[in-house]
Amino acid sequence: MGVLNIPNTLTIARILIIPVFITSIIYKRYDYSLYLFIIAALTDLFDGLFARLKNQKTALGTFLDPLADKFLLVTVFIILTVYNWIPKWLTITVISRDIIIVTGWLLLYLIAGISKVEPSLLGKATIWIQSMIIAYILFDINLHFLPNIPFWVFLITAGITIISGLHYIYKGMKLTHAG
């Protein structure tokens with residue numbers, strides 16, 4: 001099975017969308033931003049689906065898929081924060097969680113030789129709620145009639161993000177028999 005199978009190609013496409021997305025925001029082509037984010041979300045959905053249905057899971061895909069998610073979400077959070085559509089403190093929370101997860105994975109690999117860490121249900125829920133906030137903001141920027149996101153939604157997102165990060169720390173410690 002080749003490394004450039006359909007799932008990996010979709011994941012790479014998601015990474016390549018990132019600079020185009022940033023450019024579309026900078027040049028105020030918010031319609032393109034929305035379309036690109038939807039396409040990125042669909043590539044995320046379909047890469048996993050194809051990998052499972054066609055039995056095309058690869059080591060590259062296992063590594064690249066979560067990395068592509070992190071690159072996309074962190075980048076979008078940063079750019080939307082620069083334009084004051086997302087609070088700075090929430091973006092700092094999202095970035096901090098991802099830095100902790102990636103650092104933890106690196107430590108697990110260096111200390112225990114463990115390179116595969118399964119995503120948790122809480123981790124998937126975190127990605128989902130963060131993506132929903134981004135999608136809502138992008139729809140609002142384009143349609144101009146949606147109500148502002150209530151502050152408590154940002155608080156819940158931050159809370160789930162923090163709990164998810166703590167859960168990954170716990171899982172990592174358990175894997176190294178330290179916890």
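Small disclaimer: the values here were computed from a predicted structure and weren't measured.
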Pairwise distance [atom1]([X]) to [atom2]([Y]) - rounded to 0.5 angstrom:
X: N142; Y: D31; atom1: CG; atom2: CG; value: 6.0 Å
X: I101; Y: D98; atom1: CD1; atom2: CG; value: 5.5 Å
X: D47; Y: N5; atom1: CG; atom2: CG; value: 9.5 Å
X: L49; Y: L10; atom1: CG; atom2: CG; value: 10.0 Å
X: I111; Y: L175; atom1: CD1; atom2: CG; value: 12.0 Å
X: W105; Y: L110; atom1: CH2; atom2: CG; value: 8.5 Å

Taking it one step at a time, do I141 and S33 satisfy side chain to side chain contact (heavy atoms under 4.5 Å, CB included)? CA-CA 10 Å; I141 292 167; S33 304; over 6 Å; no
Sole candidate of L80, I86, I79, V74 that passes side chain to side chain contact (heavy atoms under 4.5 Å, CB included) when paired with T91: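 Passing option: I86.
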Write down the atom of [X], the atom of [Y], and the distance for their closest heavy-atom approach.
X: S24; Y: L36; value: OG-CD1, 4.0 Å
X: L138; Y: F37; value: CD1-CB, 3.5 Å
X: S131; Y: L73; value: OG-CD2, 3.7 Å
X: A68; Y: T11; value: CB-CG2, 3.8 Å

I'd like to know whether [atom1] of [X] has more than 12 heavy-atom contacts from other residues, nucleotides or ligands below 6.0 angstrom.
X: Y83; atom1: OH; result: yes
X: L121; atom1: CG; result: no
X: F139; atom1: CZ; result: no
X: Y136; atom1: OH; result: yes

Test log, rule ring-ring contact (aromatic ring centres under 6.0 Å, His included), inputs W89 and F77: CA-CA 11 Å; W89 58 266; F77 264 88; over 10 Å; no
Centroid separation under 6.0 Å, is that true for the rings of Y30 and W85?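 W85 vs Y30: aromatic centres under 6.0 Å.
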Out of curiosity, does [Y] fall in the hydrophobic cluster containing [X] (side-chain heavy atoms, cut-off under 4.5 Å, transitive links)?
X: F71; Y: I78; value: yes
X: I17; Y: Y27; value: yes
X: I129; Y: I92; value: no
X: F154; Y: I95; value: yes
X: V102; Y: L64; value: no

Steps toward side chain to side chain contact (heavy atoms under 4.5 Å, CB included) verdict (V153, I133): CA-CA 9 Å; V153 172; I133 283 179; 4.1 Å; yes
Could you go step by step and tell me if Q130 and T157 meet the side-chain hydrogen bond (donor to acceptor under 3.5 Å, both in side chains) rule? CA-CA 7 Å; Q130 290 172 356; T157 302; over 6 Å; no
With a 3.5 Å distance limit and no angle check, can you tell me whether [X] reaches the backbone of [Y] through a side-chain donor-acceptor pair?
X: T43; Y: A40; answer: yes
X: Y168; Y: I163; answer: no
X: R97; Y: T93; answer: no

Apply the test side chain to side chain contact (heavy atoms under 4.5 Å, CB included) to residues M173 and I169: give CA-CA distance (whole Å), side-chain angles for both, the deciding distance (0.1 Å), then the verdict. CA-CA 6 Å; M173 291 175 71; I169 290 170; 3.9 Å; yes
Using a 4.5 Å cut-off on heavy atoms from C-beta on, say whether the side chain of W152 contacts that of I156.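 In short, these two side chains touch, coming nearer than 4.5 Å.
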So, do R14 and I39 sit near enough that their side-chain heavy atoms are less than 4.5 Å apart?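 No; the side chains remain at least 4.5 Å from each other.
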Assess whether side chain to side chain contact (heavy atoms under 4.5 Å, CB included) is satisfied between V76 and I18, documenting all intermediate values. CA-CA 8 Å; V76 174; I18 296 169; over 6 Å; no
